[in-house]
Amino acid sequence: MEDGMPIIPAEPYDFLFEPEHAGLIIIDMQRDFVDPGGFGEALGNDVSLLRKAIGPVGQVLAAARRAGLLVIHTREGHRPDLTDLPPSKKARGRLKNGIGDAGPMGRILVRGEYGHDIIDELTPRPGEPVVDKPGKGAFYATDLEGILRNHDIRQLIVCGVTTEVCVNTTVREANDRGYDCLVLADCVASYFPEFQRVALEMIKAQGGIFGWVGESAGLIATLAQMPEAVPPPVV
Ligand code: TIU
């Protein structure tokens, strides 16, 4: 505790947690990125590296729900008519089966398709906003900033995939907008172990140039000391 404020062990220094103004954001834990047989695996990636985060994210999610933190989920994807898909994004990678095409779990990264949705282990609950984003960052072309403002959120606990792509982009966007981000190292994951390491280094370097890096255990221990929240009525 510092001035009554809980402290979460983190790097480059302890994170002063303001639970009243903190939200949990879970980035793109979608079947197409994380599940065997999805788009990510079809691209040749080893999804087991991403799946390591599922357990810790689930524990953080349960602790955050119990404590009454605002929980926000994001999904990367596009309208079925692909009008929000930049031609550059569609062309990138010269894929035979790319965004909008038929994939192993439906049309790839298209809203409403099975593969686009969040994995069963982390299904959003009613009342938890799901932010659909066309880009890598969760702020770009979404209503996330309005949601955070309406809930007086100033701190973001960040989980999800992938560490160097959508997690890093979102943390940088949040940082420029004045949010303090605590990224939980065991709750984010990359297809590339080297990128996982370096992406976390980048966040906490230079005195926390983009934010803090901690572990789920530190946050969960702090949340466990808070009284159980009465869930708001679902509307
Ligand atoms: N969510 C997210 O990170 N989207 C990606 O495309 N990530 C990759 O690592 N490709």
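Predicted model, so just to flag it, every value in this text is computed and none were measured. Read the numbers this way: they start at 1 and go in the same order the structure lists the ligands and their atoms. Hydrogens, waters and symmetry mates are skipped; everything else that's a heavy atom, side chains included, is used.
An N or O contact shorter than 3.5 Å links Lys136 to ligand 1 by distance. For a threshold of 3.5 Å applied to N or O pairs, the pair formed by Glu76 and ligand 1 contains at least one separation below that value. Considering backbone and side-chain N/O atoms, Val161 comes within less than 3.5 Å of an N/O atom of ligand 1. Looking at Cys166 next to ligand 1, an N or O pair under 3.5 Å apart turns up.
Nearest non-hydrogen protein atom to atom 7 (N) of ligand 1 is Thr162 OG1, 3.5 Å.
Side-chain atoms of Arg75 do not come within 3.5 Å of backbone N or O of Val130 as any donor-acceptor pair. Between the side chain of Lys90 and the backbone N or O of Ile99, at least one donor-acceptor pair lies under 3.5 Å.
Heavy atoms of Ile27 found under 4.0 angstrom from ligand 1: none, in either backbone or side chain. Using a 4.0 Å cut-off between heavy atoms, Asp28 contacts ligand 1 through its side chain alone, with no backbone atom that close.
Atom CD of Glu20 sits in a sparse spot, with 12 or fewer heavy atoms from other residues, nucleotides or ligands closer than 6.0 Å. Environment of CZ in Arg125: sparse, with no more than 12 heavy atoms of neighbouring residues, nucleotides or ligands closer than 6.0 Å.
Ring geometry, Tyr179 versus Phe139: the interplanar angle falls from 30° to 60°, so the pair is classed tilted.
Put simply, the side chain of Leu109 reaches to within 4.5 Å of the side chain of Phe33, judged on heavy atoms.
In this structure, atom 10 (N) of ligand 1 has its sub-4.0 angstrom surroundings free of protein heavy atoms.
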